[in-house]
Amino acid sequence: MSTQQRRKRERAQRHDLIVKTARKLAESEGWDAVTTRRLADEIEYSQPVLYSHFAGKDAIVAAVALEGFTELAVRLRAATRTGEPRAALEGLARAYMAFAEENPALYEAMFTMAVDLPFGQDDTPEPLRDGFQALLSGVAQFADSRDPAILTEVAWSALHGLIVLARGGRLPASGREARLTLLLDQLSAPTR
């Protein structure tokens with residue numbers, strides 16, 4: 001292995017270590033605990049080394065978010081591998097909600113923090129496109145005469161709203177299943 005290849009591999013490993021450490025800190029202590037100084041201490045590199053990989057905390061959060069979109073897409077695809085469309089839609093919704101519940105800081109990085117990631121544009125990064133396509137594949141079969149992408153955006157918005165409102169204590173836990181059933185019924189209902 002050449003020196004250049006070794007350096008490239010080591011740089012990639014440091015990059016991954018920074019992202020994984022930021023994610024671990026955020027999940028255990030919240031995003032406020034993730035600072036370049038704290039990360040440098042945790043990974044035992046200097047702050048200038050961190051800045052050689054990322055322009056700052058926002059770029060680190062964006063890298064964590066990209067990793068999350070890749071993971072989410074895998075989970076959504078696995079959840080929709082059933083033959084029956086309604087069961088696939090329910091699996092998709094439950095997998096999405098479980099992902100958000102199991103990874104609150106990651107979900108926050110992906111969907112509620114201000115990150116410099118373009119959504120729904122020509123330059124949208126592949127992990128974001130892949131995550132949306134995983135949602136689209138479960139929802140589009142119910143589009144009928146409706147625009148499949150718009151229907152998917154509405155489904156995504158509704159799921160996100162349910163998650164954020166429940167997490168903030170705005171919706172009682174006792175109605176969770178009823179809300180999810182109502183949403184699934186509306187999405188899967190034939191158009192008139």
Check side chain to side chain donor-acceptor pair (under 3.5 Å) between [X] and all other residues, then give those that pass, not counting sequence neighbours.
X      : answer
Arg9   : none
Glu153 : none
Glu108 : none
Asp16  : none

Reported [atom1]-to-[atom2] distance for the pair [X] and [Y], which is rounded to 0.5 angstrom:
X      : Y      : atom1 : atom2 : result
Leu89  : Phe142 : CG    : CZ    : 5.0 Å
Leu159 : Met97  : CG    : CE    : 6.5 Å
Asp130 : Arg77  : CG    : CZ    : 4.0 Å
Ile43  : Leu50  : CD1   : CG    : 4.5 Å
Leu180 : Tyr96  : CG    : OH    : 13.0 Å
Gln133 : Thr152 : CD    : OG1   : 8.5 Å

Cluster overlap [X] with [Y], hydrophobic side-chain contacts below 4.5 Å:
X      : Y      : result
Leu128 : Val74  : no
Leu135 : Phe111 : yes
Leu184 : Val154 : no

Pairing residues for [X] by the salt bridge (charged side-chain N to carboxylate O under 4.0 Å, His left out) criterion, not counting sequence neighbours:
X      : value
Asp147 : none
Glu126 : none
Arg94  : Glu90, Glu177

[X] to [Y] - nearest heavy-atom pair and separation:
X      : Y      : result
Leu136 : Pro148 : CD1-O, 3.5 Å
Gly91  : Ala79  : O-CB, 3.3 Å
Ala134 : Leu76  : CB-CB, 3.8 Å
Gln141 : Ser137 : NE2-O, 4.0 Å
Ala98  : Arg75  : CB-NH2, 3.7 Å
Arg146 : Ala189 : NH2-O, 3.5 Å

Problem set entry | Candidate pair Arg176 and Leu162, rule side chain to side chain contact (heavy atoms under 4.5 Å, CB included), full reasoning | CA-CA 8 Å; Arg176 178 185 167 150; Leu162 290 173; over 6 Å; no
When you compare the side chain of [Y] with that of [X], does any pair of heavy atoms fall below 4.5 Å?
X      : Y      : value
Val34  : Val64  : no
Ser46  : Val49  : yes
Leu183 : Leu187 : yes
Phe54  : Val19  : yes
Asp58  : Asp116 : no
Val164 : Arg170 : no

Run the side-chain contact (heavy atoms from CB on, under 4.5 Å) test against [X] and tell me which residues pass, sequence neighbours left out.
X      : result
Gln4   : Ser2
Glu71  : Arg23, Glu67, Phe99, Leu106
Ala100 : Tyr107, Ile163, Arg167
Arg37  : Thr35, Asp41, Gln47

Side-chain ([X]) to main-chain ([Y]) donor-acceptor, under 3.5 angstrom:
X      : Y      : result
Thr21  : Ile18  : no
Thr80  : Ala88  : no
Thr181 : Ala178 : no

Exercise. Between Arg129 and Asp123, is there a salt bridge with N-O shorter than 4.0 Å?
Worked result: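 Answer for the salt bridge query: no.
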For this session: State plainly whether the residues Arg6 and Glu10 are in salt-bridge range, i.e. N to O under 4.0 Å.
Result: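 Salt bridge present between Arg6 and Glu10.
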Exercise. So does Asp185 have more than 12 non-hydrogen atoms from other groups sitting under 6.0 Å from CG?
Worked result: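 Check passes, neighbour count above 12.
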For this session: Check the surroundings of atom CD in Glu44: do more than 12 heavy atoms from other residues, nucleotides or ligands lie under 6.0 Å from it?
Result: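 Counting neighbours around CD of Glu44, 12 or fewer heavy atoms of other residues, nucleotides or ligands fall under 6.0 Å, so no.
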Problem set entry | All ring-ring contact (aromatic ring centres under 6.0 Å, His included) counterparts of Phe119, not counting sequence neighbours |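 Residues passing ring-ring contact (aromatic ring centres under 6.0 Å, His included) with Phe119: Phe69.
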